[in-house]
Amino acid sequence: MNIKEYFPPPENFPAIKKSEAWPHPVYTEEQMRQIVIAHRKTNNWSDWVALKSVQVLRSVTDFATGYRHDKEVAAGIKDSRDANRKRFAMDERKWLVRFLFLESVAGVPGMVGGMLRHLHSLRRMKRDNGWIETLLEEAYNERMHLLTFLKMAEPGWFMRLMVLGAQGVFFNGFFLAYLISPRTCHRFVGYLEEEAVITYTRAINDLDTGKLPRWENLEAPAFAVKYWDMPEGHRKIRDLLLYIRADEAKHREVNHTLGNLSQQDPNPYVAEYKDPNIPRPSKGLTTLKPTGWERDEVLR
Ligand SMILES: [Fe+2]
Ligand SMILES: [Fe+2]
């Protein structure tokens, strides 16, 4: 399956150069290996609403992608290919379907948030304090995840229908929710990304325990090698999943942090701080905080 088949360019159409609008930050292997599953406790009603919404969305996704989370399987105590679990055993194809669905949804919030803040800035004739670019960058990064997986699998009609429905419902729902409470929406994305880290961690475990033999020696698509600047000798599917999981962990941190801020606060991910000795949020993985930075930590 090749991307060109999806979007055939007109004849004699010049090739598009690699986009340099949002170069991907460099991650080291050590940093990526240290990514952990994490959960931020709910502190108020808004957090609770965000968490419950993610849990509902997660059930829909599990249904759409034929996935069932089994704690014993995730912990490696039981094999997902046992006879009574067979229906929900994940193979390469099923993982890809799940990734495609997840990523098609994941690309929506950053674009909606960025768009609404853009419109707000135009309408109120006020500066945005740097949030827009981080939100759009996140949407771009999620789309790169989707395009990478599209290089590996072609979704069937059922999946396309689910994506279509999900986008129609989710875009509008998120748009309205962001107008009402942007903080709840960022918390929601923070919780969504907690789930994304769990999904990719589990896929990496499946790969490591020999359940995904077709991926063991498979090279990552050239497109991905370019985007993440994957070093030679580290261009397998496992490496790709490490990069993507690290991106999700970053989104988890960014959104939990934005959910802790007031809407007029400067975006700490693009702010220039005077004191270099105090640890601050960064674009890469150097100062990653799985549950986000608190407001007093970034405004002091
Ligand atoms: Fe993603
Ligand atoms: Fe993400």
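Basis for what follows: all heavy atoms, side chains included, without hydrogens, waters or symmetry-related copies. Read the numbers this way: they start at 1 and go in the same order the structure lists the ligands and their atoms. Along the sequence shown, the residues carry numbers beginning at 1.
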Legend entry - Glu193 backbone or side-chain N/O/S under 2.8 Å from the Fe ion (ligand 2): yes
Legend entry - Vertex the Fe ion (ligand 1), arms to His145 ND1 and Glu103 OE1, rounded to 10°: 100°
Inset, instruction - State yes or no: are the ring centers of Trp95 and Tyr67 separated by less than 6.0 Å? - result: yes
Inset, instruction - Please name the atom of Glu248, restricted to N, O or S, that is closest to the Fe ion (ligand 2). - result: OE1
Legend entry - Aromatic ring proximity, centroids under 6.0 angstrom, Tyr200 and Phe99: yes
Legend entry - Of His186, Arg295, Arg40, the residue whose pairing with Asn260 passes side chain to side chain donor-acceptor pair (under 3.5 Å): Arg40
Inset, instruction - Take Glu103 and Glu248, measure what side chain to side chain contact (heavy atoms under 4.5 Å, CB included) needs, and give me the verdict at the end. - result: CA-CA 10 Å; Glu103 299 299 352; Glu248 310 301 11; 2.9 Å; yes
Legend entry - Shortest-distance N, O or S atom of His251 relative to the Fe ion (ligand 2): ND1
Inset, instruction - Indicate, with yes or no, if the rings of His118 and Trp131 have centres closer together than 6.0 Å. - result: no
Inset, instruction - Please find out if the Fe ion (ligand 1) and some N, O or S atom of Glu142 are separated by less than 2.8 Å. - result: yes
